[in-house]
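Please read the structure below before turning to the comments.
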Amino acid sequence: MFRIGTFVLHLFQKGVEAEKRAISLLSKLRNELQTDKPVTPLEDELPDAALWNQHLDYQRNLSNGNGEPSWFQSPWLYVECYMYRRIQAALAQNPPIDNFDVFNEGKVQNFFESQEAVIALCTYFQELLKNIKDLDEKQLQEELFKLLQVSLWGNKCDLSFSAGEGSSQKSSPLLSLENLIPYILVNDMEKLWSLLVNAKKRNAEESNVRVDIILDNAGFELVTDFVLADFLLSSKLADEVHFHGKSIPWYVSDTTKRDFNWTIKQLQSANHMWMSRCGINWEGNLKKGVWVYRDHMFWTLPHDFSSMAEVAPDLYADLQKSSLLLFKGDLNYRKLTGDKKWEYTVPFHQALNKFRPAPLCSLRTLKSDTQVGLKPGQGEQIQASEPEWMISGKYGVVQFAAAL
Ligand SMILES: O=P(O)(O)OC[C@H]1O[C@](O)(CO)[C@@H](O)[C@@H]1O
Ligand SMILES: [Mn+2]
């Protein structure tokens, strides 16, 4: 008894010490950020530290003698990613809290606050599954378009955007789709449909049609992605879905492996028939290997995707095996386009800067000021009446680019 008591006390003390160390590293970080200090090399032993430090050298060269890269001077994408990586460093160096996800509470809350919307979506989907075999092509197309839109607007629910404040989905996402159509600035859903239908015909007997979803936020958005993925399999438009998550907590609400598994477990054990049916089916998909979860450190590096082939050739080669890559969310869009201030009318493929391992499509609500592929005058017209259009999350795109 005495021994167990001492052991518990020892663990407790270790925990308190680790917490203190982490808090002190986090306040150091806050101070550096607030006072525009130079960005410093990472000193931890995490596997990506060397790549981050190489990238710091690259940023130094970019600044071309105009001082050290620093919080207010360096590109936003770079320092923002660096901040999340430093948060990770503060924890990862401090067992026993090295696996603690500082954003977990917010993600869990977002999920529970979206309960009604999750129920509405799961119920709709299970009803759809009952007669999916009898749907003709036109009807299948309509359902695909609906679920793509649900997944698109699901991207409104992220927590980094709302500074961690509630951004859950309260009502059924399906009811408002019609009214939201005018807010889809680029709508390439038809192109996705023809790609999938043709891939299915071509691959009828031989190889697999694989769709990859490069995930964004946990919570309601993740459920919309699961439903879309299930639809792709159940409609036989695809044979396999590969999900790509983050290997460390990222941009507050981004999906980690733990969020991914937790969400499926929550659905499974929910006290609602259709929610739990979804959870059970999805767990089954993972067991059968028709759903696959992957993470790769590249997704939490500051690099834009045009450097993937060089920085993470293994990931690039893996993505080349896919028939379609669906990139969710704003941060992925920024990395697709290099986060540059492009003219609105620049073609999407040009902004991708040769990043096209497979046909790809971005499903993104606009939360940052990068947008390409608009019609002449389209951006300027919205700008005139809604100066916040690029950062409000009110507009979205379903933007497609064929493979090279
Ligand atoms: O979850 P998403 O859609 O990638 O949005 C995250 C976005 O929110 C911000 O953190 C703040 O707008 C952006 O930096 C980032 O692009
Ligand atoms: Mn996100």
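Note that ligands are numbered from 1 as they come in the structure, with each ligand's atoms numbered from 1 the same way. None of the values given here were measured: they were computed from a predicted structure. Position 1 is the first residue of the sequence; numbering continues from there.
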Please confirm whether [X] comes within less than 3.5 Å of ligand 1 when only nitrogen or oxygen atoms on both sides are compared.
X      : value
Asn332 : no
Asn217 : yes
Asp330 : yes
Asn155 : yes
Gly329 : no
Lys367 : yes

The single option from Pro69, Ser307, Pro302 passing side-chain contact (heavy atoms from CB on, under 4.5 Å) against His55:
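Between His55 and the candidates, side-chain contact (heavy atoms from CB on, under 4.5 Å) is satisfied uniquely by Pro302.
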
Side chains of [X] and [Y], heavy atoms from C-beta outward: is any pair under 4.5 Å?
X      : Y      : value
Leu331 : Lys367 : no
His272 : Cys122 : no
Trp250 : Thr256 : no
Leu135 : Glu142 : no
Phe327 : Ile213 : no

Aromatic plane relationship, Tyr84 with Tyr251 - under 30° parallel, 30 to 60° tilted, over 60° perpendicular:
parallel

Under 2.8 Å from the Mn ion (ligand 2), is there any N, O or S atom belonging to Asp330?
no

So does Asn217 have any N/O/S atom less than 2.8 Å away from the Mn ion (ligand 2)?
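For Asn217, the answer is yes, given that an N, O or S atom comes within less than 2.8 Å of the Mn ion (ligand 2).
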
Numbering the atoms of ligand 1 from 1, which are under 4.0 Å from a heavy atom of [X]?
X      : answer
Asp216 : 1 (O), 2 (P), 3 (O), 4 (O)
Tyr251 : 10 (O), 14 (O)
Trp76  : 13 (C), 14 (O)
Leu331 : 2 (P), 4 (O), 16 (O)

What pairs with Phe231 under ring pair (Phe, Tyr, Trp, His ring centres under 6.0 Å), at least two apart in sequence or on another chain?
none

Is ligand 1 less than 4.0 angstrom away from at least one heavy atom of Tyr333?
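For ligand 1, residue contact (heavy atoms, under 4.0 Å) with Tyr333 is absent.
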
Checking Arg86, Glu80, Arg85 against Tyr82 for side-chain hydrogen bond (donor to acceptor under 3.5 Å, both in side chains), the one that qualifies is Arg86

For residues 340-347, run the donor-acceptor check on the side chains, cut-off 3.5 Å, and write out each pair with its distance to 0.1 Å, sequence neighbours left out.
| unit_1 | atom_1 | unit_2 | atom_2 | d |
| --- | --- | --- | --- | --- |
| Trp342 | NE1 | Thr337 | O | 2.8 |

Trp282, Phe260, Phe226 screened by ring pair (Phe, Tyr, Trp, His ring centres under 6.0 Å) with Tyr293, the one that passes:
Phe260

Give the name of the N/O/S atom in Asp216 that lies closest to the Mn ion (ligand 2).
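Per the distance ranking, Asp216 contributes OD1 as its closest N/O/S atom to the Mn ion (ligand 2).
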
When you measure from the Mn ion (ligand 2) to each N, O or S atom of Asp254, which atom gives the shortest distance?
OD1

Hey, is Glu80 touching ligand 1 through its side chain, its backbone, both or neither, going by heavy atoms under 4.0 Å?
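Answer for Glu80: side chain.
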
Between Arg334 and ligand 1, which part of the residue brings a heavy atom under 4.0 Å of the ligand: side chain, backbone, both or neither?
side chain

